[in-house]
Participant: 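Can you keep this structure in mind? I'll have questions shortly.
Note on naming: letters A, B, ... go to the chains in the order of the sequence lines (proteins, then strands), and numbering restarts at 1 for each one.
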Amino acid sequence: MYNAPTMKGYALEKIRDEARGIVVAILGQEAAEHIRVEFPPPGIGADLAIPLFPLAKVLRRNPNEMASEVAEKVDPSGSYFDQISAAKGFVNFHFDWTQCNKLFFEDFLASGDAYGSAEIGSGKTVVIDYSAPNIAKPFSVGHLRSTVIGQALYNILIFLGYTVIGDNHIGDWGTQFGKILAAYDRWGDEKALEESPTRALLDLYVRFHEEAVADPSLEVAAREWFAKLEAGDDKATQLWSRFRELSLREFERIYDLLGVSFDHTLGESFYNERLKDIVQRALDSGVAEWSTVPDKDASRSGEKDAAGKGGTSEEKGNVDASGGRDSTETGVGDDEKVILIPLAKYDISAPLILQKSDGTSLYATRELATLEHRVAEWKPHEVLYVVGAEQSLYFTQFFKAIELLGIKVKCVHVPFGMIRLPEGRMSTRKGRVIFLEDLLAEAIERAGEIVKDRDLSDEEKQEIARLVGVAAVKYADLSQDRTKDIVFDWKKMMALEGNSGPYLQYAYTRAASIMRKSGEDDVGELENLDPSALTEEEETALLREIARFPEVIKQAAGDYKPNYIANYLFSLSQVFNRFYVNCAVLKAETPVLKDSRLALVAMTAYVLRKGLSLLGIDCPEKM
RNA sequence: GCGCCUGUAGCUCAGUUGGAUAGAGCAACGGACUUCUAAUCCGUAGGUCGGGGGUUCGAAUCCCUCCAGGCGCGCCA
């Protein structure tokens with residue numbers, strides 16, 4: 001052996017260590033910190049590669065020469081490689097498949113149902129804040145991202161040994177509920193509320209904004225209602241609590257359909273009683289201060305300029321959230337005072353406001369209370385906020401604020417782009433919105449169309465349609481880089497072929513079907529298993545993919561990007577489908593080949609099922 | 001106006017953290033089911049990686065600049 005490879009870790013890691021060790025042994029210890037083992041592009045005809053350019057610079061030697069030196073001096077016998085060659089400054093390693101196969105198989109057999117897992121998170125707790133819908137608004141596709149990305153991260157981190165706490169921070173407090181209470185007080189319709197709670201509440205919310213344009217007294221009433229709510233007024237509390245109940249019941253239905261669950265569902269309201277104390281302490285410590293409201297006209301004209309310059313979109317400055325900020329918020333006199341944390345000296349343009357001039361709280365106030373509670377209750381090493389990218393500035397403010405307040409915990413904003421419609425941003429207020437439940441129903445129906453001719457019971461068909469439809473929707477989201485916006489496209493969200501959730505599920509059912517028909521359920525028991533028999537291109541390609549699984553999971557966790565896993569599983573499925581078409585398993589030419597391929601199929605099935613489960617996607621056994 | 005993000009095939013997107021010849025899916029065209037499930041597979045075609053400059057052995061990836069789009073910018077969440 002060239003050096004002592006780390007005994008821990010998966011096969012691929014050991015093989016990489018050996019490749020590195022070989023180069024270090026020949027080129028000297030100095031090489032150790034200047035080389036990295038990479039996957040060469042297909043077509044090179046190698047399995048691993050080490051570029052020598054960085055080392056060449058340090059040693060002032062020609063990389064081609066060094067590569068040749070390694071290729072000449074090395075004796076690959078007894079290593080995991082049967083061929084080590086030099087090419088254009090790279091050292092290329094070709095797996096000795098009789099050796100590596102064995103290693104990959106042993107790896108899998110030894111770890112059993114834990115293949116791919118790790119202990120890197122053991123002893124560490126992570127709190128994930130995800131989904132967090134607002135009650136009184138129907139669940140739109142806009143809420144899909146936080147929900148599925150958060151759930152995937154939750155699963156991934158648990159698999160890596162972390163203790164994970166999922167907290168659905170329901171938006172059930174704030175000025176908007178003042179608006180809904182005021183609206184219900186005037187136009188409330190008991191029947192509509194019973195029939196479809198969140199849609200009825202949405203109607204009230206929309207109507208409120210329509211009428212508030214002509215009638216500013218509505219805004220005043222809304223502020224008063226929220227102040228009453230925050231003060232614990234009976235009538236306000238009773239109504240609010242009813243709205244909350246009804247909405248949560250609807251959300252539950254969607255979470256069931258999606259297969260999503262939480263350890264805690266503590267809404268913003270849960271922290272109501274701690275708010276005064278937080279603000280007081282922030283004042284006492286000198287971090288927060290009283291302040292007057294700056295000149296509104298200046299900022300507003302600036303905004304209009306910006307909107308005017310943008311030109312093309314008339315919707316700008318006029319939609320959803322931003323619409324609430326202008327003109328009609330006249331319930332408070334300009335000379336009144338707010339409590340805020342100034343952040344200008346930290347190069348953050350806006351301060352963080354903790355208390356409005358009417359004495360009520362804001363989002364940030366409740367977030368502070370929430371974080372304090374989480375720290376006290378769960379002692380996390382890390383808190384992840386799976387929240388839209390449009391709140392980036394808010395989170396830089398918020399994180400600076402908690403640092404100033406002396407709350408010591410690592411907080412990370414895990415942002416994602418928004419789902420837009422081709423004609424622009426979604427707006428619940430304008431009714432330009434797609435409800436998640438409608439999308440899921442449609443996707444399930446389409447999946448049902450395909451499965452209806454199968455020779456299966458009606459119940460099986462229904463269950464398959466549900467699993468496939470939901471997978472299509474989830475995968476459409478999870479397979480994309482979360483930081484980018486998604487232009488909503490019915491066709492893509494419900495895709496059942498190509499790069500889609502159902503494609504992966506289908507690959508799994510093919511594997512599962514072979515296993516079922518083989519009658520074998522324990523790969524370790526296969527009598528004629530001989531990994532070295534697997535030398536066909538389709539077979540080794542499949543092994544290569546399977547061997548990558550553990551590190552893909554780690555990368556996904558490191559960047560909080562579930563799409564790494566999605567893309568990997570797609571690639572694995574493609575390779576498996578090629579194998580499936582070209583290599584007969586149950587009718588393989590020899591018993592050795594049959595058992596060996598069977599083991600390969602079992603490994604593939606495991607990785608597909610496990611990988612999909614990390615994404616929060618369930619697999620049917622047949623489809 | 002200032003700040004953050006994005007720009008890759010007709011469309012929708014990947015791209016192993018700066019590596020070798022930039023990859024998929026959809027759409028188009030041509031092929032493969034008496035076969036372990038054709039929700040599949042094989043093939044053809046499709047590219048100035050937004051434009052320009054720079055950094056170096058090497059750039060879709062890093063820096064600058066311009067263009068285009070998205071998001072945000074003191075009492076919404």
Side-chain angles (χ1 to χ4, degrees), chain A residues 38-44 49 51 53-54 56-57 63 87-90 132 134 171 173-176 268 291 293-294 296 299 302-303 305-306 309-310 312-313 320-325 329 332 336 338-340 349-358 360 362-364 366 388-394 396 415 417-418 420 425 447 450-451 454 468 479-481 483-487 489 491-492 495-500 502-503 505-507 509-511 513-518 548 551-552 555 559 563-564 566-568 570-571 574 577-578 580-582 584-587 601 622-623:
Chain A
E38 300 175 348
F39 294 113
I44 296 295
F53 309 102
K57 194 176 246 173
K88 298 182 194 166
F90 292 85
N134 287 332
W173 209 250
T175 314
Q176 55 175 328
E268 292 182 54
S291 174
V293 183
K296 264 187 187 175
S299 67
E303 242 168 73
D305 284 344
K309 188 173 177 281
T312 53
S313 168
D320 212 13
S322 59
R325 207 186 321 111
E329 307 266 349
V332 179
E336 292 180 73
V338 299
I339 298 174
L340 54 73
S349 55
L352 191 67
I353 301 178
L354 296 183
Q355 190 178 91
K356 294 190 275 189
S357 49
D358 63 1
T360 56
L362 284 114
Y363 185 51
R366 301 188 287 272
E390 68 273 15
Q391 292 190 40
S392 292
L393 174 61
Y394 162 74
T396 56
M418 53 175 54
R420 298 198 329 262
R425 188 174 175 159
I450 295 185
V451 87
R454 296 280 199 274
V468 170
S479 63
Q480 295 186 41
D481 183 336
T483 61
K484 295 183 184 173
D485 286 355
I486 289 179
V487 178
D489 175 4
K491 243 180 23 210
K492 187 172 183 188
L496 302 173
E497 48 191 53
N499 188 354
S500 68
Y503 180 93
Q505 290 176 315
Y506 186 68
T509 60
R510 280 181 144 182
S513 168
I514 291 175
M515 295 314 295
R516 208 166 39 240
K517 292 194 172 165
S518 77
R548 276 176 58 209
E551 43 186 67
V552 169
Q555 283 163 352
D559 287 355
N563 72 308
Y564 292 172
N567 297 150
Y568 162 77
F570 176 60
S571 166
Q574 281 183 308
N577 275 327
R578 258 167 241 150
Y580 182 91
V581 168
N582 293 305
V585 177
L586 298 178
K587 293 176 188 165
V601 171
K622 301 175 184 174
M623 63 189 272

Participant: Does A:Arg516 reach the side chain of A:Lys622, with side-chain heavy atoms less than 4.5 Å apart?
Facilitator: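 With C-beta onward as the side chain, the pair touches.
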Participant: Taking only N and O in the side chain of A:Tyr503, is any of them less than 4.0 Å away from OP1 or OP2 of B:rC41?
Facilitator: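 A:Tyr503 to B:rC41 OP1/OP2: side-chain N or O found under 4.0 Å.
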Participant: Partner of B:rC41 by Watson-Crick or G-U wobble geometry, both contacts under 3.5 Å, or none?
Facilitator: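 Across all strands, the one nucleotide that pairs with B:rC41 is B:rG31.
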Participant: Between atom CD1 of A:Ile514 and atom OG1 of A:Thr509, what is the distance when rounded to the nearest 0.5 Å?
Facilitator: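 OG1 of A:Thr509 is found 10.0 Å from CD1 of A:Ile514.
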Participant: Does B:rU17 adopt a syn or an anti glycosidic conformation, taking syn as a chi angle within 90° of 0?
Facilitator: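 Base orientation: syn.
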Participant: How many Å lie between CD on A:Gln505 and P on B:rU37, as a whole number?
Facilitator: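 After rounding, the reported distance stands at 17 Å.
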Participant: Heavy atoms under 4.0 Å, any strand shown: does A:Val552 hit a base, just sugar-phosphate, or nothing?
Facilitator: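 A:Val552: no heavy atom of the nucleic acid under 4.0 Å.
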Participant: Would you say a side-chain N or O of A:Asn563 is under 4.0 Å from OP1 or OP2 of B:rC13?
Facilitator: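 No, because none of the side-chain N or O atoms of A:Asn563 sits under 4.0 Å from OP1 or OP2 of B:rC13.
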Participant: Could you please name the option among B:rG72, B:rU40, B:rC36 that lies closest to any side-chain atom of A:Arg510?
Facilitator: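 My answer, after comparing the listed nucleotides, is B:rU40.
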Participant: Does A:Tyr363 place a side-chain N or O at less than 4.0 Å from the phosphate oxygens OP1/OP2 of B:rA77?
Facilitator: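 The answer is no; no side-chain N or O of A:Tyr363 sits under 4.0 Å from OP1 or OP2.
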Participant: Whether A:Arg420 contacts B:rC71 is assessed here as follows: a side-chain N or O lying under 4.0 Å from the phosphate OP1 or OP2. Is that the case?
Facilitator: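 The answer is no; no side-chain N or O of A:Arg420 sits under 4.0 Å from OP1 or OP2.
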Participant: Separation of A:Met515 atom CE from B:rU37 atom C1', in whole Å?
Facilitator: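 Whole-Å distance recorded here is 17 Å.
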Participant: Is A:Ser518 near enough to B:rC36 that one of its side-chain N or O atoms lies under 4.0 angstrom from OP1 or OP2?
Facilitator: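 No, because none of the side-chain N or O atoms of A:Ser518 sits under 4.0 Å from OP1 or OP2 of B:rC36.
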Participant: Quote, to the nearest angstrom, the C1' distance that separates B:rC49 from B:rG31.
Facilitator: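 That atom pair is separated by 32 Å.
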Participant: Which nucleotide in the set B:rG72, B:rU37, B:rA20 lies at the smallest distance from any side-chain heavy atom of A:Thr509?
Facilitator: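 From the listed options, B:rU37 comes nearest.
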Participant: Go through B:rU37, B:rG19, B:rA39 for me and flag the one nearest to the A:Tyr580 side chain.
Facilitator: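 When the side chain of A:Tyr580 is considered, B:rU37 is the closest of B:rU37, B:rG19, B:rA39.
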Participant: Of the options B:rA14, B:rU21, B:rC36, whose atoms approach the side-chain atoms of A:Ile514 most closely?
Facilitator: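 That would be B:rC36.
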Participant: Which nucleotide in the set B:rU17, B:rC71, B:rC73 lies at the smallest distance from any side-chain heavy atom of A:Arg425?
Facilitator: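 The answer is B:rC71.
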Participant: Check whether any side-chain N or O of A:Lys484 sits under 4.0 Å from OP1 or OP2 of B:rG7, and answer yes or no.
Facilitator: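 The answer is yes; a side-chain N or O of A:Lys484 sits under 4.0 Å from OP1 or OP2.
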Participant: With the side chain of A:Ile450 defined as its heavy atoms from C-beta on, choose the nearest nucleotide among B:rA39, B:rG19, B:rC73.
Facilitator: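 In terms of side-chain proximity for A:Ile450, the closest of B:rA39, B:rG19, B:rC73 is B:rA39.
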Participant: Determine the interatomic distance between P on B:rA39 and the same-named atom on B:rC33; round to the nearest Å.
Facilitator: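 Their P atoms lie roughly 15 Å apart.
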Participant: Any idea how A:Phe53 and A:Phe90 line up, ring-wise: parallel (<30°), tilted (30 to 60°), or perpendicular (>60°)?
Facilitator: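 A:Phe53 vs A:Phe90 ring planes: perpendicular.
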Participant: Taking B:rA32 as the reference, what is the distance to B:rU48 when you measure between their P atoms (whole Å, please)?
Facilitator: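 Approximately 34 Å lies between the P atom of B:rU48 and that of B:rA32.
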Participant: Give a yes/no answer on whether the side chain of A:Lys517 brings an N or O atom under 4.0 Å of OP1 or OP2 in B:rU37.
Facilitator: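 Answer yes for this pair, as a side-chain N or O of A:Lys517 is under 4.0 Å from OP1 or OP2.
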Participant: Report yes if at least one side-chain N or O of A:Asn577 is closer than 4.0 Å to OP1 or OP2 of B:rC41; otherwise report no.
Facilitator: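 It does, given that an N or O in the side chain of A:Asn577 lies less than 4.0 Å from OP1 or OP2 of B:rC41.
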Participant: Can you check B:rG74 for me, syn or anti if syn means within 90° of 0?
Facilitator: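 Glycosidic conformation of B:rG74: syn.
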Participant: Just to confirm, is there a sub-4.0 Å distance from OP1 or OP2 of B:rU37 to any side-chain nitrogen or oxygen of A:Arg516?
Facilitator: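 No, outside the criterion.
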Participant: Give, for atom CG of A:Leu352 and atom CG of A:Leu340, the distance between the pair rounded to the nearest 0.5 Å.
Facilitator: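 It is 8.5 Å, given to the nearest 0.5 Å.
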Participant: Can you check the distance between B:rU61 and B:rG19, where both ends of the measurement are the C1' atom (answer in whole Å)?
Facilitator: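 That atom pair is separated by 11 Å.
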Participant: Who does B:rC73 pair with, Watson-Crick or G-U, both distances under 3.5 Å?
Facilitator: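 Matched B:rC73 with B:rG1 under the 3.5 Å cut-off.
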Participant: If you check the A:Gln480 side chain, which of B:rA77, B:rA14, B:rG72 turns out closest?
Facilitator: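 Closest nucleotide among those given: B:rA14.
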Participant: May I ask you to verify if any side-chain N or O of A:Ser513 is less than 4.0 angstrom from the OP1 or OP2 atom of B:rU37?
Facilitator: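 Checking A:Ser513 against B:rU37: at least one side-chain N or O falls below 4.0 Å of OP1 or OP2.
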Participant: Within this structure, what is the CD1-to-C1' distance between A:Ile486 and B:rA14, rounded to whole angstrom?
Facilitator: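 In whole Å, B:rA14 C1' lies 14 Å from A:Ile486 CD1.
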Participant: Between atom CZ in A:Phe39 and atom P in B:rG15, what is the gap in whole Å?
Facilitator: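 Distance check: A:Phe39 CZ to B:rG15 P gives 15 Å.
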Participant: Quantified in whole Å, what is the C1' atom distance between nucleotide B:rU21 and nucleotide B:rC2?
Facilitator: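 Per the computed distance, 44 Å lies between those C1' atoms.
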Participant: Regarding A:Glu551, tell me which of base, sugar-phosphate or nothing describes its non-hydrogen contacts under 4.0 Å with the strands shown.
Facilitator: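 If one applies the 4.0 Å heavy-atom cut-off, A:Glu551 turns out to touch nothing in the nucleic acid.
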Participant: Consider the side chain of A:Pro40, meaning its heavy atoms from C-beta on, and name the nucleotide among B:rA24, B:rA20, B:rA77 that approaches it most closely.
Facilitator: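 Of B:rA24, B:rA20, B:rA77, B:rA20 is nearest to the side chain of A:Pro40.
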Participant: Side chain of A:Gln391: nearest nucleotide among B:rA77, B:rU35, B:rU40?
Facilitator: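 Out of B:rA77, B:rU35, B:rU40, the nucleotide with an atom closest to A:Gln391's side chain is B:rA77.
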Participant: Kindly state whether the pair A:Phe90 / B:rA20 counts as stacked, where counting means centroids closer than 5.5 Å and planes tilted less than 30° apart.
Facilitator: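 It does: the two rings, one from A:Phe90 and one from B:rA20, meet the stacking criterion.
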Participant: Please measure how far the C1' atom in B:rC13 lies from the corresponding atom in B:rG7, and state the result in whole Å.
Facilitator: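 Per the computed distance, 13 Å lies between those C1' atoms.
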Participant: In whole Å, I'd like the distance from the CG atom of A:Asn567 to the P atom of B:rG23.
Facilitator: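 It is 16 Å, rounded to the nearest whole Å.
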Participant: For B:rC42, take OP1 and OP2 only and decide whether either is under 4.0 Å from a side-chain N or O of A:Arg578.
Facilitator: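 Yes, because at least one side-chain N or O of A:Arg578 sits under 4.0 Å from OP1 or OP2 of B:rC42.
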Participant: Pick the P atom in B:rU56 and in B:rU40, then give their distance to the nearest Å.
Facilitator: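 Roughly 48 Å separates the two P atoms.
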Participant: Would a distance-only check, ignoring hydrogens and angles, find a side-chain to backbone donor-acceptor pair under 3.5 Å from A:Asp485 to A:Gly417?
Facilitator: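 No, the answer is negative, given that no donor and acceptor are paired below the 3.5 Å cut-off.
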Participant: Report which part of the nucleic acid A:Gly171 touches: base, sugar-phosphate, or nothing (heavy-atom distance under 4.0 Å, all strands).
Facilitator: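 The residue A:Gly171 makes no contact with any strand.
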Participant: Between P on B:rU12 and CG on A:Asp481, what's the gap in Å once rounded to a whole number?
Facilitator: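 Those two atoms, CG and P, are 16 Å apart.
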Participant: Report yes if some heavy atom in the side chain of A:Thr360 is under 4.5 Å from a heavy atom in the side chain of A:Thr175; otherwise report no.
Facilitator: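 No. Closest side-chain heavy atoms not under 4.5 Å.
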Participant: Rounded to the nearest angstrom, tell me the gap between atom CE in A:Met418 and atom P in B:rG72.
Facilitator: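 For the pair A:Met418 CE and B:rG72 P, the rounded distance is 6 Å.
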Participant: Could you walk me through whether A:Asn577 and A:Tyr503 satisfy the side chain to side chain donor-acceptor pair (under 3.5 Å) test, starting with their C-alpha distance in whole Å, then the side-chain angles of each, then the deciding distance to 0.1 Å, before giving a yes or no?
Facilitator: CA-CA 10 Å; A:Asn577 275 327; A:Tyr503 180 93; 3.1 Å; yes
Participant: Is the base of B:rG19 stacked against the aromatic ring of A:Phe53, taking ring centres under 5.5 Å apart and planes under 30° as the test?
Facilitator: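 Yes, A:Phe53 stacks on the base of B:rG19.
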Participant: Could you check which nucleotide pairs with B:rA68 in any of the strands shown, counting Watson-Crick or G-U wobble with both distances under 3.5 Å?
Facilitator: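 Across all strands, the one nucleotide that pairs with B:rA68 is B:rU6.
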Participant: Can you tell which of B:rG25, B:rC41, B:rG74 lies closest to the side chain of A:Asn499?
Facilitator: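 Nearest nucleotide to the side chain: B:rG25.
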Participant: Provide the Watson-Crick or G-U wobble partner of B:rU55, both distances under 3.5 Å; none if there is no partner.
Facilitator: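 Checking every strand shown, B:rU55 finds no partner, since no pair has both distances under 3.5 Å.
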Participant: So how far is it from A:Arg425 CZ to A:Glu390 CD, rounded to the nearest 0.5 Å?
Facilitator: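 A:Arg425 atom CZ to A:Glu390 atom CD measures 6.0 Å (nearest 0.5 Å).
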